[in-house]
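Report on the structure given below.
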Amino acid sequence: MNPAQIKLVQESFAKVAPISEQAAVIFYDRLFELAPQVRAMFPNDMTEQRKKLMATLAVVVNGLANLEAVLPAASALAKRHVAYGARPAHYPVVGGALLWTLEKGLGEAWTPDVAAAWTAAYGVLSSYMISEAYGSAQAAE
């Protein structure tokens, strides 16, 4: 990711932060629509899960300029997700749900450049997490 992309991700996330609860609801609704089989991996009461999602996104987004500082937490998160039943194939679905949510939340502020920046950010992070959790061969797929 280049500095301009990092700035776009951070600025656009700042616009979503005020509606973080709604964004998290939209995200999980979309995720469960795209991949209903993953619903069983989550608690019935999603309140805390939604808060964790938005808090984690905030940490990652704010740390993009110093990605090395974020990677240990991302590695630990990836390894925990294995225990929850997450597989490498889930990452693109989660990414799709995230991008869709951001598009809905940002409206006209969701430009091609913002979309490309978020796609790059998610690609970097998800490849790293897959590699950490399952090995580098899985991340290349």
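Applying the salt bridge (charged side-chain N to carboxylate O under 4.0 Å, His left out) rule to pairs touching residues 10-26 yields K7-E11, sequence neighbours excluded. Residue pairs that meet the ring-ring contact (aromatic ring centres under 6.0 Å, His included) test with at least one member in residues 58-84, sequence neighbours left out, are H81-Y84. Every pair passing side chain to side chain donor-acceptor pair (under 3.5 Å) that includes a residue from residues 103-118 is listed here, sequence neighbours excluded: S12-W118.
Scanning both residues, V9 and A121, for their nearest heavy atoms gives CG2-CB, 4.2 Å. The nearest pair of heavy atoms linking N44 to R39 is O-NH2, 3.3 Å. The minimum heavy-atom distance between V16 and A23, with the atom names listed, is CG1-CB, 3.8 Å. The minimum heavy-atom distance between Q5 and A120, with the atom names listed, is NE2-CB, 3.9 Å. The two residues S75 and E132 have their closest heavy-atom pair at OG-OE1, 2.6 Å. A pairwise comparison of heavy atoms in A78 and A133 identifies O-CB, 3.6 Å as the closest pair.
When atom types are taken as modelled, the side chain of S126 and the backbone of Y122 share a donor-acceptor pair closer than 3.5 angstrom. The closest donor-acceptor contact from the side chain of R87 to the backbone of Y91 lies at 3.5 Å or more, if one exists at all.
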Which donor-acceptor pairs under 3.5 Å do the side chains of residues 50-70 make with protein atoms, sequence neighbours left out?
{"from": "T56", "atom 1": "OG1", "to": "K52", "atom 2": "O", "distance (Å)": "2.8"}
{"from": "N62", "atom 1": "ND2", "to": "A58", "atom 2": "O", "distance (Å)": "3.0"}

Only pairs under 3.5 Å count here: list side-chain donor-acceptor contacts from residues 25-36, not counting sequence neighbours, and write none if there are none.
{"from": "Y28", "atom 1": "OH", "to": "Q49", "atom 2": "NE2", "distance (Å)": "3.0"}
{"from": "R30", "atom 1": "NH1", "to": "E33", "atom 2": "OE2", "distance (Å)": "2.9"}

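Residues passing the side chain to side chain contact (heavy atoms under 4.5 Å, CB included) test with A89, sequence neighbours excluded: none.
A continuous path of ILVMFWY side-chain contacts below 4.5 Å connects Y128 to V124, so both sit in one hydrophobic cluster. In the hydrophobic clustering of this structure, L125 groups with L99; members are Ile, Leu, Val, Met, Phe, Trp, Tyr whose side-chain heavy atoms approach within less than 4.5 Å, directly or through other members.
Contact check for H90 versus V93: no side-chain heavy atoms found under the 4.5 Å cut-off.
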